[in-house]
Every structure is written in structure tokens, then in C-alpha cells.
Amino acid sequence: MLPEITLAALFLLVSFQLIVARRLRTAVGAYQLQSWLLGGIAIALFVHTHLTELLLFGLLIVSLKGVAIPTLLRRRMRVALSAGRESSYHVGFPTALLLGAALSLAGFIAASRIPSPSHLLPGADLGIGIAVLLLGLFTTTARRDGVLQMGGLLAAENGLLLIGLVLAPRLSLLIEFALVLDVLIAVVVMSFLLARMREEVFSTDTSELTRLRG
Amino acid sequence: MIDAALLLAVLAVPLAAAVATWLVPGDDLRLILVVPTALVGLGLGLTLVARVVQRGRFTAFGDWLYLDHLGALALLIVTLVSALAALYSIAYFRSSANVHTLRAGETRRYFALFHLFVFTMVAATVAGNLGLLWTAVTATTFASAPLVDFYGSHGPLEAAWKFIMLAVAGELIALFGFLCLYASAVGWLGGSYNFAIPVLRAAGPHLSPTLATLGFLLVLVGFGTKAGLAPMHTWLPDAHSQAPAPICSMLSGAELNCAMLAIVRVLALATPAQHGGSELHSALLAFGLLSMAVGVVFLVSQRDYKRLLAYSSVDQMGLIAAGFGLGAPLAVFGALLQMLAHSLAKCLMFFNAGNLLLRFRTTTISEVRGMIRVAPAAAVLVLAGALAIAGAPPFGLFLSEASIVAGGIGARAFGAAGLIALLLLVGFLALVAPFSTMVFGEGRADPLPRRAELGAAVLLPGYVLLAAVLVLGVFVPGPLHTLLADAAREVRR
């Protein structure tokens with residue numbers, strides 16, 4: 001149980017890196033590390049339980065989310081990434097950090113009220129999963145930059161997969177494959193829209209997109 | 001065996017059409033492909049619905065595919081709306097009045113995504129595995145968001161971005177709900193079981209009540225975002241007004257129902273674990289009433305007719321949610337009929353919006369006047385459609401709305417039923433008034449040359465829909481009544 005908790009704690013820490021990241025490059029790196037850690041948790045769980053589906057799931061996450069998606073992001077976002085442009089929040093950075101801490105706490109409180117049917121992973125991991133889901137969704141709503149909004153959704157999805165490892169560790173691998181594939185398609189469609197955004201308003205700053213009202 | 005083949009075919013036809021559209025050379029071939037795809041898809045859909053009506057629900061491929069009465073109703077809506085929207089698309093983009101005719105690359109992109117969008121929606125209606133259901137509903141977002149941005153200018157881009165961000169955020173929350181639902185049956189079925197609708201139905205009252213309730217509430221919030229329920233509806237008026245008119249009709253007429261179908265499916269699965277409790281239904285009713293209220297408030301203050309129709313969708317999806325939330329047999333029956341009638345009427349109204357845009361080149365209500373004098377055949381369709389969508393008597397929506405209100409009164413939910421009736425009345429006025437001034441109003445002279453005349457091709461799909469909505473209001477045909485009644489039995493508590 002020890003490696004799973006340690007990896008999960010690092011997983012949460014890296015998610016905070018995503019919250020405070022001022023550069024897109026840092027955010028993509030944080031997402032990549034987060035995915036590797038998630039894959040690591042699944043593989044560590046496989047070592048304990050010898051359930052083959054967990055090994056396959058871990059490898060799937062590492063290859064798709066740890067390698068393929070970050071590579072795709074770096075390639076599609078080369079212009080935006082190399083600009084090293086600082087990205088801001090609708091709120092200030094300190095406020096964002098505080099809100100992030102509050103959301104993590106909320107995640108742990110919520111997790112303590114959810115009965116966990118399997119005991120493959122400690123309950124703390126459920127709290128971390130919910131916390132990362134909330135942190136990701138918060139990043140999506142609070143960031144101005146489209147690339148980082150997408151990063152928030154991807155991070156939230158990682159949190160969700162950790163929740164899945166706690167609540168439904170033996171869910172059919174085919175379903176999990178479909179879920180992860182869905183994310184890959186999401187990234188392709190969103191990068192397409194981000195590329196369109198750069199054509200249209202010469203940046204991926206979504207505060208330019210406020211014409212439709214009422 | 002035949003059922004399995006039919007289910008496979010109804011999925012394969014739009015998917016194959018999408019691939020073929022992408023691969024074949026030349027726009028003529030792509031356009032020719034649209035008509036048989038639409039008709040074959042509709043034929044297969046109707047055949048499957050008829051089989052469900054005659055012989056009850058069935059599964060195929062080890063519960064991966066599943067069609068019950070509820071799914072059949074959604075399949076009927078999706079295949080009908082998408083077939084007519086496909087035909088209208090051709091008429092709309094080829095109309096001499098359209099300033100935006102499709103260029104070479106655009107025909108390919110439009111119809112490939114169109115067929116793909118239909119495929120994802122059909123998949124959502126026939127999914128038997130809950131993981132597949134989530135994946136299919138999510139995939140509808142990815143197929144439709146690029147279509148919202150089809151015109152490729154500032155407004156559509158903003159709409160598409162808001163749509164995809166909020167829809168995906170909602171879908172992730174819904175996935176959390178599905179995971180809770182999976183966990184709720186682990187105690188009864190063991191750690192590794194087939195996460196299929198029939199399996200969970202059979203587990204019924206043995207689900208963990210806490211996890212099942214939590215699962216439903218998360219799915220309600222998550223897919224409620226995609227179904228346009230307030231307060232998560234904020235993307236909808238943008239996406240459903242900025243897309244090309246035929247796409248708007250699919251978004252409002254078909255896609256919203258796929259998300260609602262998923263919510264109702266989870267409601268039906270989670271209810272037995274409640275042992276007669278009604279928390280789930282109360283939550284659905286509360287979201288429904290709030291959505292109606294928000295929808296109606298924005299209807300009253302709307303200046304753009306496409307946004308007016310989009311807010312009407314928020315209002316109507318709220319009504320459907322409220323009908324299911326009331327839980328009384330008559331109200332649930334009304335909500336199901338409302339799903340069908342609203343889809344047909346809203347599809348008709350977005351075809352009308354397309355025709356108005358073709359004729360007047362504006363979406364501002366105050367700039368369109370005296371349509372009855374310049375385009376009488378289209379004006380009649382606009383007026384009749386507005387009355388239908390507002391719920392005036394001879395049309396289908398009147399029947400379904402009356403059923404929902406009567407069901408509420410029968411269940412002694414007087415407050416909710418009264419509020420629904422009041423909101424329907426205000427909504428009626430807010431919808432009919434702007435369209436009637438657009439049709440009859442005295443105003444400036446017709447600014448457009450004669451070449452902006454609307455042809456019969458853009459009017460015909462609308463008249464087909466009008467006839468269907470009218471038939472639903474006069475009498476519900478026998479097989480359809482069976483379908484709705486059996487679907488209601490699958491849902492109610």
C-alpha cells in the first residue's frame with residue numbers, strides 16, 4: 001500500500017504545479033508527469049494484486065497519456081509554447097492557489113462520505129482523485145488561455161481515472177480503453193479549435209471570445 | 001439474429017457514409033451519397049422501432065447493444081431528425097438565395113462530420129453497456145463541435161469553444177457518476193461484472209443506495225450540462241444559434257435527447273435501490289423547473305430569432321426533465337411524447353430559421369417584417385411552426401404538455417403543476433409574438449432582389465415535419481402509443 005499512497009500524494013502535488021504554472025510548457029510537463037504517476041499507481045496495484053487488467057491499464061495510460069498526448073500537444077502548440085508567454089487567471093495567482101487548496105480539502109471531505117466497495121486502494125486515494133478532478137475543473141473555468149483550459153480538463157480526467165481505480169478497479173478493459181481513446185479524440189478536436197482561435201484572434205486567450213451575450 | 005444484424009446495420013450505414021464521404025473524389029458523389037444514407041438510415045431505424053413495439057426489448061453481442069422502448073423512442077427521434085436535416089442541408093446550401101454555398105473542401109468536411117455525428121447519436125440510443133453509453137454521448141460532442149464552428153468566423157468559434165469546454169467538463173462529472181453506479185453493484189455482483197443495462201436492471205434493489213443516489217446526481221449534473229438544463233445551460237444559446245441552420249436542428253432536435261436518454265436510463269436503474277424514495281425524482285424536478293424559468297425569462301427579452309429558439313430548447317428540456325421528475329405515469333408518458341413532439345417541432349423551427357436567414361439575411365427579429373407578403377408559403381410554415389413549438393392546441397406539444405400538467409395534478413404536486421402551467425403560458429406568448437410580427441408586421445420594403453426567392457426544396461422537409469407534429473396532436477397512432485406506454489413503464493418509479 002505504501003507506494004500507491006506515495007505516488008498518489010505526488011500526483012496531487014503535480015496537479016498543483018498545473019495550477020501555478022505560468023508558462024504553457026510547464027503545464028504540459030506537469031500533465032505528462034501526472035500521467036506517468038497515474039500509470040505508476042495502476043502498475044504498483046498490479047504488483048500487489050496480480051490482476052493483469054491493471055497492468056494493461058497502467059501501460060495504456062503511460063503510452064497514451066504519458067507519451068502520445070504530450071507529444072501531440074507539443075507539436076500542435078509549438079508556436080504558443082515557444083512564445084513562453086505568461087498566462088493569467090481570471091483571479092490572481094495567490095487566490096487561485098488558495099481556492100485550489102480549499103477544493104482539495106473539499107475532495108477529501110467528499111471522499112470520506114463515499115463508501116468504497118473494494119479495498120484495493122486506500123480511501124485517501126479516492127480523496128486525491130476527487131481533489132484532482134476538482135482542481136482540473138477549476139483550472140478550466142479560471143484560466144484565460146485556451147491551451148491551459150484544455151490542460152485542466154485533461155488533468156481532471158486523470159483524477160477521474162484514479163477515482164475509477166478506487167471505485168471500479170476491475171471495470172472491463174475495453175471500456176477503459178474507450179474512455180482513454182475518447183480523450184485522445186478530445187485533444188485532436190480541441191487543438192483544431194485552438195488553431196482556429198489563433199487564426200481568428202491571433203492568440204489562444206479566450207478573453208477575446210466574449211461577443212455572444214444575452 | 002436479424003435483430004443483431006439490424007442493430008449493426010443502423011450503426012454501420014452512417015459510419016460507412018462518413019468514411020466514404022471523406023474518401024470519394026468529387027462533391028457530386030458526396031452529395032448523391034447523402035440521400036440514400038438518410039433514407040436507408042431512416043428505414044433501418046423505423047424497422048428496429050417496429051420490432052421493439054411488436055416483440056419487446058432485445059440485446060445483441062453480449063449486452064453491448066441493447067434496444068428497449070426508451071432507446072427505440074430516442075432512435076426514432078435521431079433517425080427522423082437526421083434524415084430530414086440531411087435533405088434540408090442539401091437544399092439549404094444549394095439554394096440560390098444562400099450567400100454561403102459550399103466550396104470544394106467544405107462539402108467534404110460538412111457531410112463527413114454530419115454522418116459521423118449521426119453515427120455517434122445512433123450509438124448512444126442502442127448502447128447496452130453503460131461505458132459504451134457514456135462514450136457515445138461524449139463522442140456526439142466531438143463530432144458536433146467542429147460543425148458548430150463550420151462557418152469559421154468569430155461567433156461560431158466562440159460558441160464551439162464554450163460548447164466543448166462545458167460539455168466535456170459535464171461529461172467528466174457524468175463519468176464520475178457512472179463509476180459510482182458501477183461501484184454500487186460491486187457488493188452484489190462482485191468486483192468484475194458486465195457493466196450492462198440488463199445486468200444492473202436485474203440487480204435492482206440490491207444496489208448500494210448511497211452510491212446509486214450519488215451516481216444519479218452526478219450524471220444529472222454532468223449530462224444535464226449537455227442536455228441544456230439550467231444553470232449549466234450557458235453554452236447552449238451560443239452553440240445552437242451560431243451553427244448552420246440544419247446543424248442547429250440536429251443539435252436541438254436530436255443531440256439534447258441523447259443526453260436526456262442517458263439521464264433517464266440512470267434514473268430508471270438507480271430508482272429501485274431507493275426503495276420507493278423520491279429524492280432522485282425531486283432533484284430532476286428541481287432542475288427541470290429552474291431550466292423552464294431561466295428559459296422563459298430569456299425568451300421574453302430575446303432580439304435574435306435563432307437565440308430565441310435556442311432558449312426555447314432550454315425551456316423545453318426543462319419541461320421534459322420536470323415531467324420525468326414528477327414520476328406519475330401520465331406525466332412520464334407526457335415527457336416521452338414531449339421528447340418526440342419537441343424534437344420534430346424544433347427541427348421544423350430551425351429549418352424555418354434557415355429559410356428566414358436565406359430570405360432576409362439577418363437573424364435580428366426587428367429587421368424581419370411582412371414575410372407573408374414576400375414569401376407566403378414559407379411564412380405559413382413559420383407561423384404554424386411557431387404555434388406548434390409554443391404548444392397551441394391542434395399540435396402534438398399541446399397534448400404532451402397537457403399530459404405533464406395533468407400528471408402533476410394527479411400526483412397531487414399542485415405547486416409544481418401550477419408553476420409548469422404558468423411558465424408554459426408565458427413561454428407561449430414569448431414565442432408566438434415575435435414570429436407573428438415577423439410574418440404579419442408592417443415594415444420596411446423588401447430589400448432583396450428576386451433571386452432570393454425560396455424554392456420548394458427548402459420548404460418540403462418543413463412541411464413533412466409540420467404534418468407529423470399535427471398528426472401527433474390529433475391522435476397518437478396505435479404502435480406509437482404502445483411504444484410510449486411501454487417506455488413509460490420502464491422509467492416510472
Side-chain angles (χ1 to χ4, degrees), chain A residues 51 53 110 113-118 120 129-130 133 136-137 140-141 146 149-150 152-154 156-157 159-161 163-172 174-179 181-183 185-190 192-194 196-197 199-201 204 206 208-214, chain B residues 64 129-132 134-136 138-139 141-143 145-146 148-149 152-162 164-166 168-169 171-173 175-176 178-187 190-195 208 210-211 214 237-239 241-242 298 301-304 307 311:
Chain A
L51 294 167
E53 59 249 51
R113 292 166 156 257
I114 299 177
S116 167
S118 73
L120 294 183
I130 299 177
L133 172 67
L137 293 178
T140 302
T141 48
Q149 290 182 345
M150 173 168 79
L153 288 181
L154 291 173
E157 211 261 348
L160 205 52
L161 290 173
I163 297 173
L165 279 176
V166 180
L167 288 180
R170 306 199 60 194
L171 189 65
S172 147
L174 208 55
I175 297 179
E176 281 173 348
F177 182 70
L179 303 187
L181 197 68
D182 228 56
V183 180
I185 298 169
V187 170
V188 172
V189 176
M190 288 183 204
F192 166 77
L193 287 176
L194 285 167
R196 284 264 305 107
M197 215 182 277
E199 273 170 31
E200 196 70 41
V201 295
T204 49
T206 57
E208 304 283 331
L209 300 177
T210 49
R211 281 194 204 163
L212 303 176
R213 287 176 184 281
Chain B
W64 281 96
N129 188 295
L130 288 160
L132 190 62
W134 182 85
T135 310
T138 307
T141 309
F142 302 138
V148 170
D149 181 42
S153 57
H154 193 111
L157 173 66
E158 179 182 341
W161 185 254
K162 273 190 203 167
I164 201 163
M165 282 293 122
L166 272 166
V168 172
E171 283 149 11
L172 290 176
I173 293 170
L175 180 56
F176 188 7
F178 278 101
L179 289 171
C180 289
L181 195 64
Y182 183 92
S184 75
V186 164
S192 174
Y193 68 92
N194 187 0
F195 193 32
S208 147
T210 320
L211 281 168
L214 184 62
D238 296 341
S241 63
Q242 295 294 315
F298 281 90
S301 58
Q302 208 41 249
R303 295 198 183 93
D304 176 310
R307 290 181 81 80
Y311 274 110

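Treat the numbers as computed from the prediction; the structure is a model and nothing was measured. Just so we're on the same page: letters track the sequence lines, and every chain starts at 1.
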Of A:Val188, A:Leu51, A:Ile175, A:Asp182, the largest count of non-hydrogen pairs under 4.5 angstrom with chain B goes to A:Asp182

For a 4.5 angstrom cut-off between non-hydrogen side-chain atoms, does B:Leu214 reach A:Arg113?
no

Could you tell me the separation between the CD1 atom of A:Ile185 and the OG1 atom of B:Thr138, rounded to the nearest 0.5 Å?
10.0 Å

B:Glu158 CD to A:Met197 CE distance, which is reported to the nearest 0.5 Å
9.5 Å

Top of A:Leu171, A:Val189, A:Thr140, A:Leu133 for chain B proximity - count of heavy-atom pairs under 4.5 angstrom:
A:Leu171

Under the side chain to side chain contact (heavy atoms under 4.5 Å, CB included) criterion, do A:Gln149 and B:Trp161 qualify, and how do the steps go?
CA-CA 10 Å; A:Gln149 290 182 345; B:Trp161 185 254; 2.8 Å; yes

On a heavy-atom basis, the closest approach of B:Leu157 and A:Glu200 is CD2-CB, 3.7 Å

Considering residues at least two apart in sequence or located in another chain, which fulfil the ring pair (Phe, Tyr, Trp, His ring centres under 6.0 Å) criterion with B:Phe176?
none

Can you tell me how far NZ of B:Lys162 sits from CG of A:Leu193, rounded to the nearest 0.5 angstrom?
14.0 Å

Heavy-atom pair of closest approach, residues A:Pro115 and B:Leu211:
O-CD1, 3.6 Å

What do you reckon, is CZ of A:Phe192 surrounded by more than 12 foreign heavy atoms closer than 6.0 Å?
yes

B:Gln242, part contacting chain A, at a heavy-atom distance under 4.5 Å:
side chain

Determine the minimum heavy-atom distance between A:Ala186 and B:Phe142, stating which atoms define it.
CB-CZ, 3.3 Å

Measuring from A:Leu137:CG to B:Ile173:CD1, what's the distance to the nearest 0.5 Å?
5.0 Å

With a 4.5 angstrom heavy-atom cut-off, could you sort out which part of B:Thr210 is near chain A: side chain, backbone, both or neither?
side chain

Does any backbone or side-chain atom of B:Asn129 lie under 4.5 Å from a heavy atom of chain A? Answer side chain, backbone, both or neither.
side chain

After noting the C-alpha distance and the side-chain angles of B:Val168 and A:Met190, does the key distance pass the side chain to side chain contact (heavy atoms under 4.5 Å, CB included) rule?
CA-CA 11 Å; B:Val168 172; A:Met190 288 183 204; 3.9 Å; yes

Nearest 0.5 Å, what's the CZ-OH distance between A:Arg170 and B:Tyr182?
7.5 Å

Spacing of A:Leu160 atom CG and B:Leu172 atom CG [to the nearest 0.5 Å]
6.0 Å

Which portion of A:Ile114 sits near chain B, non-hydrogen atoms under 4.5 angstrom:
side chain

Turns out that what part of B:Ala159 lies under 4.5 Å from chain A's heavy atoms comes down to both

One option among A:Thr141, A:Leu194, A:Leu181 has the most heavy-atom pairs under 4.5 Å with chain B, and it is A:Leu194

